[in-house]
Protein chains: 2
Amino acid sequence: MRSERGQRDTPRRRDLIEIATDLISEIGYEQATVRMIADRMGIKSGSLYSHISSKEDVLYKIILDVAGDFLERADRATEGVHDPEERLRALCRSHLEMIRDRRPAVRVYFDEWRKLGDANQAEVIRLRERYEDGFRLAIADGIETKAFDADPQLGARVLLSTLNWAPSWYVADGKLSPREVADQLLEVILRGLYTRG
Amino acid sequence: MRSERGQRDTPRRRDLIEIATDLISEIGYEQATVRMIADRMGIKSGSLYSHISSKEDVLYKIILDVAGDFLERADRATEGVHDPEERLRALCRSHLEMIRDRRPAVRVYFDEWRKLGDANQAEVIRLRERYEDGFRLAIADGIETKAFDADPQLGARVLLSTLNWAPSWYVADGKLSPREVADQLLEVILRGLYTRG
DNA sequence: CCTACCGATCGGTAGG
DNA sequence: CCTACCGATCGGTAGG
């Protein structure tokens with residue numbers, strides 16, 4: 001039993017999280033050992049534990065933070081936007097902006113959330129459900145007030161699948177902005193949701 | 001250096017692969033130890049190595065087999081089908097049938113292919129590219145001969161993302177057959193690809 | 001933040 | 001297919 005500072009948010013702890021995020025996104029959670037993280041920080045592995053309480057705590061912190069950021073940005077992007085189609089557009093843009101801005105953390109989130117313990121995993125799932133509900137609600141809304149015609153579950157499934165898979169195909173290389181990609185994507189998907197003719 | 005039978009296809013080796021597939025799909029590749037696999041076979045861990053040459057060989061065998069099955073089934077399903085829309089329909093059905101018939105192996109394929117060594121990984125990527133090209137070609141074909149209007153890359157991206165994400169949402173619970181789900185999915189996506197009106 | 005270490009467990013091998 | 005091990009490495013701790 002040592003100092004309990006492992007839980008507080010210090011600059012050095014933030015360094016650690018950032019370094020761990022990059023490393024885990026590169027080689028995976030199990031392959032990323034505490035010794036490698038310590039090496040990149042220029043300290044010994046035992047010294048890590050004055051900043052963290054366990055390896056899983058690092059993973060949890062990374063994932064919780066990025067899942068929360070997805071939600072916050074989505075809330076901010078849709079604030080005051082009431083048209084369902086415009087809400088979807090804002091949500092898609094925000095999602096792609098997250099991938100552009102925080103790619104390594106987003107990869108860790110999508111690739112490694114299953115490795116969390118049951119309790120932590122449940123909390124992460126809760127956050128993801130809340131996030132995805134924003135999309136589902138906008139689509140359901142569009143079916144009521146606009147000319148959307150598809151099964152709302154099906155439409156949400158197509159859109160969310162494409163976005164969840166986006167880290168595999170969206171490279172923010174400067175050629176296409178999140179805005180442009182989101183608009184192109186929605187052009188196809190929304191057209192599919194509208195009643196024909 | 002012992003017997004080289006580890007590479008041949010014996011009934012006992014098939015047992016091993018099947019048991020490993022289930023275990024890895026349940027808890028992940030690193031968490032699935034050779035001792036657990038041996039336990040489920042009712043033998044000691046050292047004895048595994050008369051059937052296999054390494055743990056990665058097991059993973060490679062699983063993934064190569066399922067990736068090949070995706071391709072074979074796709075070829076069979078589209079044999080003699082020339083209409084692009086019908087080809088897409090056949091490909092989607094075939095894909096969902098794979099998930100229904102071989103869910104654990106499919107999960108291992110999608111979740112764990114990154115853990116293969118570079119050479120094995122390259123071979124798997126080659127197979128996946130060939131598989132996805134079938135979809136891309138059908139969509140490009142549809143743009144030439146039918147009324148598809150979208151960017152072919154974008155259309156393929158939406159369709160393939162939805163299918164690649166399908167292990168997360170498609171539960172073959174008997175309520176909806178692969179055929180029905182594929183048709184519903186394509187109704188939305190194809191409508192999105194057609195020129196409006 | 002370091003030294004020095006722990007118990008556990010890993011994939012894999014030798015020799016039968 | 002088993003016994004009996006191996007060297008390596010893991011996450012984590014005690015005590016300073």
Side-chain angles (χ1 to χ4, degrees), chain A residues 1-21 23-24 26-63 108 112 114-120, chain B residues 1-21 23-24 26-63 108 112 114-120:
Chain A
M1 194 118 31
R2 303 294 301 287
S3 64
E4 287 293 331
R5 297 198 310 108
Q7 309 298 2
R8 268 200 300 164
D9 190 29
T10 63
R12 201 67 178 130
R13 185 177 147 98
R14 263 193 291 275
D15 286 350
L16 192 162
I17 297 290
E18 194 185 324
I19 284 168
T21 301
L23 185 64
I24 294 171
E26 288 164 19
I27 63 176
Y29 175 64
E30 290 95 347
Q31 280 77 1
T33 68
V34 293
R35 280 164 179 81
M36 294 182 198
I37 296 170
D39 274 356
R40 288 198 179 187
M41 293 182 73
I43 62 177
K44 296 294 171 184
S45 67
S47 307
L48 283 180
Y49 290 85
S50 52
H51 301 104
I52 63 172
S53 59
S54 73
K55 193 188 174 192
E56 182 178 332
D57 256 30
V58 176
L59 183 62
Y60 185 52
K61 169 72 169 67
I62 295 169
I63 291 180
V108 172
E112 314 288 357
R114 277 170 230 267
K115 273 137 199 169
L116 292 170
D118 288 345
N120 289 344
Chain B
M1 193 120 28
R2 302 294 301 288
S3 65
E4 285 293 330
R5 298 197 310 109
Q7 307 299 1
R8 270 200 300 164
D9 190 28
T10 64
R12 200 68 179 128
R13 185 177 146 98
R14 263 194 290 276
D15 286 350
L16 191 161
I17 297 291
E18 194 185 324
I19 284 168
T21 301
L23 185 64
I24 294 171
E26 287 164 20
I27 65 176
Y29 175 64
E30 290 95 348
Q31 280 77 1
T33 67
V34 293
R35 280 164 179 81
M36 292 182 198
I37 296 170
D39 274 355
R40 289 200 179 186
M41 294 182 74
I43 62 178
K44 296 294 172 183
S45 67
S47 307
L48 283 182
Y49 290 85
S50 50
H51 303 289
I52 62 173
S53 59
S54 73
K55 193 189 175 191
E56 183 179 330
D57 257 29
V58 175
L59 183 62
Y60 185 51
K61 168 73 170 69
I62 295 169
I63 291 181
V108 173
E112 313 288 357
R114 276 169 230 266
K115 274 136 199 171
L116 292 170
D118 288 344
N120 289 344

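Values below: all heavy atoms of this structure, side chains included; hydrogens, waters and symmetry mates excluded. Proteins come first, then strands; the chains are lettered A, B, ... in the order of their sequence lines, and each starts at number 1.
The side chain of Y49(B) contributes an N or O atom lying less than 4.0 Å from OP1 or OP2 of dG12(C). The phosphate of dC2(C) (OP1 or OP2) has a side-chain N or O of S47(A) nearer than 4.0 angstrom. Applying the 4.0 Å criterion to OP1 and OP2 of dG12(C), one finds that R35(B) has every side-chain N and O outside that range.
Straight-line distance from the CG atom of D57(A) to the P atom of dT13(D): 11 Å, rounded to whole Å. Nucleotide dC10(D) holds its P atom 13 Å from the OH atom of Y29(A), rounded to whole Å. Distance CG (D39(B)) to C1' (dC1(D)): 15 Å, rounded to an integer number of Å. In this structure, E30(B) places its CD atom 15 Å from C1' of dT9(C), rounding to the nearest Å. One atom, CG of L16(B), and another, P of dG11(C), lie 13 Å apart when rounded to the nearest Å. One atom, CD1 of I27(A), and another, P of dC10(D), lie 10 Å apart when rounded to the nearest Å. The interatomic distance linking I52(A) (CD1) with dG12(D) (C1') rounds to 9 Å, in whole Å. The distance between atom CD1 of I37(A) and atom P of dC10(D), rounded to the nearest whole Å, is 11 Å.
Among dC10(C), dC1(D), dC1(C), the nucleotide with an atom closest to any side-chain atom of S50(A) is dC1(C). Here the nucleotide nearest the side chain of H51(B), chosen from dC1(D), dC10(D), dG12(D), is dC1(D). For R12(A), counting side-chain heavy atoms from C-beta on, the closest listed nucleotide (dC1(D), dG11(C), dC1(C)) is dC1(C). Between dG12(C), dT3(C), dG12(D), one nucleotide has an atom nearer to the side chain of S45(B) than all others, and that is dG12(C). Among the nucleotides dG12(D), dC10(C), dC2(C), the one closest to the side chain of K44(A) is dC2(C).
Counting heavy atoms from C-beta outward, T33(A) and K55(A) have side chains that stay 4.5 Å or more apart. Looking at I62(B) and V58(B), their side chains come closer than 4.5 Å, going by heavy atoms from C-beta outward.
Heavy-atom neighbours of E18(A) CD from other residues, nucleotides or ligands within 6.0 Å: at or below the threshold of 12.
Within the shown strands, dT9(D) is the pairing partner of dA8(C) under the Watson-Crick or G-U definition, both distances less than 3.5 Å. Across the strands present, dG15(D) finds its partner in dC2(C); the criterion is a Watson-Crick or G-U wobble pair with both atom distances under 3.5 angstrom.
Atoms CZ and OG, from R12(B) and S50(B) in turn, are 9.5 Å apart once rounded to the nearest 0.5 Å.
Between the Y29(A) side chain and the E56(A) main chain, a donor and an acceptor come within less than 3.5 Å of each other.
Both G46(A) and M36(A) sit near DNA chain D, but only M36(A) has its closest nucleotide nearer the 5' end. Where I43(A) and K55(B) meet DNA chain C, the nucleotide closest to each residue was compared, and I43(A) sits on the side nearer the 5' end.
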